[in-house]
Amino acid sequence: MKSISVQSLVEKFQLEVLAGAGGMDRNITRSRTHRPGLEFVGYFDFFPMERVQVLGRKEINYLLTLSVEERMLHIGNIVKYHPPCFIVTSGQQEIPYLTLFCDQEGIPLLRTPEVTTEFIAKLDSFLVKTLAPELSIHGVCVNVSGIGILLRGKSGIGKSETAHTLIRRGHRFVADDIVVLKKLGPATLLGTHNETTREFLALRSIGLINVVRQYGRRAFQDETRIVLDIELAPWQENSLNNELELVPQFTEYLGVQIPHIEVQLQPGRDVAGLIEAAANNWYLKQLGYSAVEEFMQRIEDGMQS
């Protein structure tokens with residue numbers, strides 16, 4: 001199971017450490033934060049104790065309405081479950097009772113000046129991506145008109161050269177050679193680089209180029225949702241390449257099925273243009289439009305007239 005230390009969280013979000021500094025090596029393994037509410041009134045049946053606990057103004061103001069004895073009791077009941085850490089938002093100050101318990105139990109108590117909702121959105125997004133199951137594959141990742149595409153094929157088939165042509169046409173480069181796939185949800189697959197190869201594209205006979213330095217910041221993006229898996233393959237003379245509508249094919253990565261298309265290569269074929277067409281066709285299908293259905297309807301209408 002993937003994890004991230006509390007110390008890494010402090011560095012990423014520049015959090016202030018108020019107590020429990022000895023527990024900075026504690027691991028976070030769950031990708032969503034939790035705001036304890038029912039737990040403050042003694043209901044712990046579904047308490048997600050593995051999650052980061054966020055205390056906003058609502059939680060702190062409620063605690064301040066309690067007597068000292070009640071406050072100590074409720075805080076103690078939560079702390080004994082040893083969550084990874086507590087984070088107080090909006091720079092709230094009146095929390096000495098939290099400091100006492102967290103120091104005693106060695107649980108980091110952290111603080112951010114950011115407001116609760118905005119901070120939780122940023123933290124949840126970061127944790128989901130950081131802790132997501134991932135897989136590294138050989139290929140190229142590009143974003144064509146806002147549509148994430150994974151280009152695969154044997155070494156030397158022309159994946160990087162095709163990506164370079166797409167970049168020059170105004171599309172965006174994400175990763176070359178090693179593409180890191182992250183599963184963010186049951187049907188959501190994110191494609192990104194492995195940091196080492198970030199911004200670099202390898203072109204045979206040319207060598208490495210830095211996409212950002214050559215074509216500008218707009219030519220590159222860190223990540224994209226993968227919605228098409230396109231395989232570049234050698235041309236096959238006896239294969240059928242003129243079907244009106246191909247039988248849907250899928251490739252599965254980390255349990256997520258991605259529509260698969262094979263593009264056969266031949267001298268003179270505009271491969272980048274075919275990829276643009278595939279991306280646009282996928283988008284139209286999401287809107288409910290099928291060129292084949294419209295074509296067949298025209299034939300039917302012509303036969304009836």
Side-chain angles (χ1 to χ4, degrees), residues 2 12 31 121-122 124-153 157-203 208-232 248-263 271-287:
K2 295 179 68 176
K12 171 67 178 179
S31 58
K122 292 179 183 178
D124 279 350
S125 176
F126 170 74
L127 291 176
V128 165
K129 292 177 183 178
T130 302
L131 301 178
E134 66 179 52
L135 172 70
S136 295
I137 66 168
H138 175 67
V140 175
C141 184
V142 290
N143 183 285
V144 177
S145 300
I147 296 168
I149 296 177
L150 184 62
L151 296 179
R152 295 187 299 110
I157 196 80
K159 300 183 296 297
S160 299
E161 289 81 358
T162 300
H164 181 252
T165 302
L166 289 167
I167 292 167
R168 296 188 66 224
R169 291 186 180 186
H171 304 295
R172 293 185 173 185
F173 169 69
V174 178
D176 181 38
D177 190 29
I178 298 174
V179 180
V180 179
L181 301 177
K182 296 189 176 187
K183 182 180 180 180
L184 302 188
T188 303
L189 197 68
L190 193 73
T192 186
H193 49 78
N194 69 347
E195 290 296 338
T196 302
T197 60
R198 186 177 188 270
E199 301 177 1
F200 287 116
L201 178 66
L203 299 173
L208 278 178
I209 67 168
N210 186 301
V211 170
V212 172
R213 289 183 178 272
Q214 282 214 19
Y215 298 105
R217 174 55 55 187
R218 290 187 177 182
F220 172 80
Q221 67 182 61
D222 269 313
E223 57 193 28
T224 186
R225 181 186 175 189
I226 302 295
V227 298
L228 277 179
D229 175 71
I230 296 181
E231 182 178 2
L232 305 185
Q249 301 291 325
F250 297 89
T251 306
E252 186 173 299
Y253 300 103
L254 298 169
V256 180
Q257 288 200 330
I258 304 296
H260 170 82
I261 298 172
E262 181 183 274
V263 174
V271 180
L274 292 174
I275 291 172
E276 289 176 321
N280 292 332
N281 204 39
W282 176 88
Y283 178 72
L284 289 173
K285 285 182 178 179
Q286 306 313 299
L287 298 179

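Sequence positions, counted from 1, serve as the residue numbers for this chain.
Using a 4.5 Å heavy-atom cutoff, the side chains of L166 and I275 are in contact. Between D229 and Q249, every side-chain heavy-atom pair lies at or beyond the 4.5 Å cut-off. A heavy-atom distance below 4.5 Å is found between the side chains of F200 and N210.
Atom CG in L232 sits 11.5 Å away from atom CD1 in I261 (nearest 0.5 Å). Rounding to the nearest 0.5 Å gives a distance of 7.0 Å between CG of L228 and CD1 of I147. Note that CG of L181 is 4.5 Å distant from CD1 of I137, once rounded to the nearest 0.5 Å. In this structure, the separation between NE2 on H193 and OG on S136 is 12.5 Å, given to the nearest 0.5 Å. For the atom pair OG1 (T196) and CD1 (I178), the distance works out to 7.5 Å, reported to the nearest 0.5 Å. The structure places CG of L150 at 9.0 Å from CD1 of I230, a figure rounded to the nearest 0.5 Å.
The closest donor-acceptor contact from the side chain of H138 to the backbone of R152 lies at 3.5 Å or more, if one exists at all. Panel note: side chain T192, backbone D222; a donor-acceptor pair is recorded below 3.5 Å.
Residues E199 and R217 are paired through a salt bridge, judged by an N-O separation under 4.0 Å between the basic side chain and the carboxylate. A salt bridge links K129 with E223; the closest basic N to acidic carboxylate O contact falls under 4.0 Å. Salt-bridge annotation for K159 and D176: absent, with no side-chain N of the basic residue lying under 4.0 Å from a carboxylate O of the acidic one.
Within 6.0 Å of atom NZ in K12, 12 or fewer heavy atoms from other residues, nucleotides or ligands are found, so the atom counts as exposed in its surroundings. By the neighbour-count criterion of 12 heavy atoms within 6.0 Å, atom CZ of R213 is sparsely surrounded, having that number or fewer from other residues, nucleotides or ligands.
Nearest heavy-atom pair across C141 and I226 is SG-CD1, 3.5 Å. Nearest heavy atoms, V174 versus G191: CG1-O, 3.7 Å. When all heavy atoms of A219 and I167 are compared, the pair lying nearest together is CB-CG2, 3.9 Å. Smallest separation of non-hydrogen atoms from A279 and V144: CB-CG1, 4.0 Å. Here the closest heavy-atom approach between residue G148 and residue N143 is recorded as N-ND2, 4.1 Å. The shortest heavy-atom contact between F173 and F220 is O-CD1, 3.2 Å.
Applying the ring-ring contact (aromatic ring centres under 6.0 Å, His included) test to F126 and every residue at least two apart in sequence or in another chain returns F13.
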Stepwise side chain to side chain contact (heavy atoms under 4.5 Å, CB included) test for T188 and R225: CA-CA 7 Å; T188 303; R225 181 186 175 189; 4.2 Å; yes
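Remark: aromatic rings of Y215 and H164 are close, center separation under 6.0 Å.
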